[in-house]
Amino acid sequence: MSHSEIGLIGLGTMGSALALNIAEKGFDIVVFNRTTSITHAFAKSAGVLADRISPTDSLADFVAAIKVPRIVILMVPAGDPVDEQIAALAELIGPDDLIIDAGNGNFHDTNRRMRSIMSPFLGIGVSGGEEGARNGPAIMGGGPNAHWERAAHILTAISAKFGDIACADWMGEEGAGHFVKAAHNGIEYADMQLIAESYGLMRDGLGMDAAQIADVFLEWNKGPLKSYLVEISGKVASVVDEATNAPLLDVIVDAAGQKGTGRWTAIEAQHLAAPIPVIEAAVVARNLSARRDERAEMEKLFGTGPKAINPDDLPLAVMEQAMICGKILCYDQGFRMIRAASDQFDWNLQSPAIARVWREGCIIRSAMLDDMASAFTEDPQRSLMAAPFFSAQIAKTHDALRKVVATAAMHGIAVPAHAAALAYFDAMRTARGTANMIQGQRDFFGLHGFARLDDGTTGNHGPWAN
Ligand code: 6PG
């Protein structure tokens with residue numbers, strides 16, 4: 001019997017990185033992969049950490065090698081593989097053994113599993129890619145708090161740290177952890193899209209080459225936009241392709257992949273009636289980018305969109321300010337959606353805790369998230385737009401956002417995420433909107449009724465009803 005209290009199943013990129021992280025933090029860990037050769041290759045490659053890693057060739061040996069009560073981490077692809085792995089474990093584990101799904105699970109699946117699995121179960125979002133899994137991810141836990149507490153000593157030890165604070169926390173019951181992770185991924189898509197649009201304005205509008213654009217991102221990474229994604233975008237733009245001796249960025253196909261977590265967030269936001277237009281614009285932009293043949297055909301038909309922009313008409317500083325504004329508005333949407341989900345599913349999600357967990361380790365980690373954590377700590381119920389620090393930032397930068405959107409539009413350069421942020425801002429600061437026309441139309445063709453502004457009555461109908 002090993003004295004390992006924890007085991008990990010699934011030695012893919014993320015699983016093997018997480019297992020090494022766990023071993024490095026001093027925990028003996030048992031590992032298993034369906035393909036035995038992968039298990040042994042992993043153990044052999046573990047170097048000095050091999051002493052803490054026990055490879056096993058069968059699921060039965062894996063379970064037997066972990067001391068009771070066991071903690072079993074699943075790092076297998078989301079969906080059916082998780083259910084299949086849980087079913088295979090069911091015959092082998094004991095009633096007190098804790099199963100932790102650490103993949104990008106859909107929170108609806110996690111809710112279902114939480115209600116149907118006999119064993120203690122947690123669904124945790126692990127963010128930070130391979131580097132994060134190896135050296136410190138951000139971890140968002142979901143499920144009974146007592147189960148989180150059982151594994152917290154390990155999960156906080158392996159997580160990223162902001163100062164000496166672990167970027168690992170319990171988010172709430174059931175699938176709350178996987179929901180917050182999906183929200184993270186939706187925001188990740190939006191952050192990436194805002195950066196890609198700034199890249200497009202510099203490339204197609206201002207005629208800058210990849211090396212020049214890299215310098216801009218690296219400069220922006222010294223200011224309010226300081227973040228992992230701005231940093232790596234500068235690095236991606238700076239790399240020269242060995243085969244062509246040209247910027248690598250110039251030979252990468254402009255069709256975005258997506259495993260789908262950002263899409264899940266856009267779909268869920270619609271169910272919640274939570275407006276997240278910047279995230280939705282980012283998902284749509286990925287879908288559209290994949291239609292390269294159609295775009296080539298439309299370019300032949302209508303001529304290319306992008307027209308050169310006079311640099312005096314679009315200073316880089318204005319673009320930086322526009323991205324700051326777009327980012328704040330996007331996160332305002334994301335956190336309002338999180339609150340809508342918290343109310344809908346009775347999760348009691350805490351925006352301060354979520355912002356704190358996202359400060360290090362995860363893909364959206366940024367300097368601005370510490371400001372968000374402070375704003376939400378001051379008043380957890382207040383939106384980011386209403387928080388003094390951020391309302392001042394928006395007041396200072398929304399003209400720049402408008403200038404970027406207008407200039408891009410006049411020069412045929414698509415900036416859907418920037419434009420969605422601006423439209424959201426304008427709509428949110430217009431107390432008298434135009435949905436009265438929608439209500440009139442709905443009543444005209446469907447007698448759906450409308451409320452009156454003057455006397456507050458509802459269920460009214462127009463004369464067309466007679
Ligand atoms: C993370 C990332 C990760 C994500 C991949 C691919 O937090 O580490 O969000 O979970 O799945 O980056 O995501 P897409 O294929 O959806 O871009």
Side-chain angles (χ1 to χ4, degrees), residues 100 102 105 107-108 110-111 114 121-128 136-153 155-156 159-188 261 264-265 268-269 272 274-276 279 327-328 330-391:
I100 301 178
F107 82 94
H108 289 293
T110 307
N111 285 351
M114 214 65 83
F121 185 74
L122 281 178
I124 68 173
V126 177
S127 178
I139 298 176
M140 296 141 264
N145 183 257
H147 298 342
W148 168 264
E149 290 305 326
R150 266 184 63 183
H153 63 297
L155 298 175
T156 53
S159 77
K161 304 295 184 293
F162 181 83
D164 57 3
I165 300 169
C167 292
D169 202 351
W170 178 71
M171 301 285 104
E173 296 290 338
E174 296 186 322
H178 277 148
F179 174 84
V180 171
K181 176 58 169 62
H184 163 279
N185 281 36
I187 291 171
E188 172 189 304
T261 43
W264 287 347
T265 301
E268 202 55 44
L272 293 164
I276 55 165
I279 292 171
K327 183 181 176 92
I328 295 168
C330 169
Y331 280 68
D332 177 85
Q333 297 161 23
F335 277 101
R336 288 179 197 256
M337 175 195 65
I338 286 169
R339 189 168 316 131
S342 185
D343 295 343
Q344 170 85 19
F345 301 112
D346 197 21
W347 281 338
N348 191 29
L349 295 178
Q350 296 300 312
S351 297
I354 294 169
R356 280 196 294 270
V357 163
W358 285 350
R359 289 182 295 187
E360 281 297 347
C362 65
I363 299 292
I364 64 170
R365 59 187 185 263
S366 73
M368 204 183 278
L369 269 162
D370 192 35
D371 300 323
M372 292 178 188
S374 304
F376 283 127
T377 303
E378 263 172 48
D379 182 347
Q381 296 313 314
R382 189 175 54 195
S383 70
L384 284 180
M385 284 178 81
F389 176 84
F390 288 104
S391 52

State which residues pass side chain to side chain contact (heavy atoms under 4.5 Å, CB included) with A160; sequence neighbours excluded, sorted by chain then number. C167, E360

Would you say that L384 contacts M372 through its side chain, given a criterion of any heavy-atom pair below 4.5 Å between the two side chains? yes

Pairing residues for R356 by the salt bridge (charged side-chain N to carboxylate O under 4.0 Å, His left out) criterion, not counting sequence neighbours: none

Do you know the tightest heavy-atom contact between V357 and M171? CG2-CE, 3.9 Å

Test side chain to side chain contact (heavy atoms under 4.5 Å, CB included) applied to H178 and I124, step by step: CA-CA 6 Å; H178 277 148; I124 68 173; 5.6 Å; no

Working note: H184 + I364, criterion side chain to side chain contact (heavy atoms under 4.5 Å, CB included); need CA distance, chi angles, decisive distance, verdict. CA-CA 7 Å; H184 163 279; I364 64 170; 3.3 Å; yes

Test your reading of the model: is there a side-chain donor-acceptor pair from K161 to the backbone of T156, 3.5 Å cut-off? yes

With sequence neighbours excluded, give me every ring-ring contact (aromatic ring centres under 6.0 Å, His included) pair touching residues 362-390. F335-F376

Result for side-chain contact (heavy atoms from CB on, under 4.5 Å) between R382 and one of S351, S391, P388 points to P388

Please enumerate all residues that pass side chain to side chain contact (heavy atoms under 4.5 Å, CB included) together with E268, with sequence neighbours excluded. F107, H108, F179, H271, L272, F345

W264 and N185: CA distance, side-chain angles, deciding distance, side chain to side chain contact (heavy atoms under 4.5 Å, CB included) verdict: CA-CA 9 Å; W264 287 347; N185 281 36; over 6 Å; no

Does R365 offer a backbone N or O that forms a donor-acceptor pair with the side chain of W358 under 3.5 Å? no

Who pairs with A151 by side chain to side chain contact (heavy atoms under 4.5 Å, CB included), at least two apart in sequence or on another chain? I71, L98, I100, L155

Does L349 offer a backbone N or O that forms a donor-acceptor pair with the side chain of W347 under 3.5 Å? no

Any salt bridge linking R336 with D332? Criterion: basic side-chain nitrogen under 4.0 Å from a carboxylate oxygen. yes

Over all atoms of both residues, closest heavy-atom pair of A373 and R359: CB-CD, 4.4 Å

Applying side chain to side chain contact (heavy atoms under 4.5 Å, CB included), name anything that partners E149, two or more places apart in sequence or on another chain. N145, A152

Correct closest heavy-atom pair for S342 and N348 would be OG-N, 3.0 Å

Do T265 and M337 come close enough that some side-chain heavy atom pair is under 4.5 Å? yes

Determine yes or no for a side-chain-to-main-chain donor-acceptor pair under 3.5 angstrom, with S127 supplying the side chain and I363 the backbone. yes

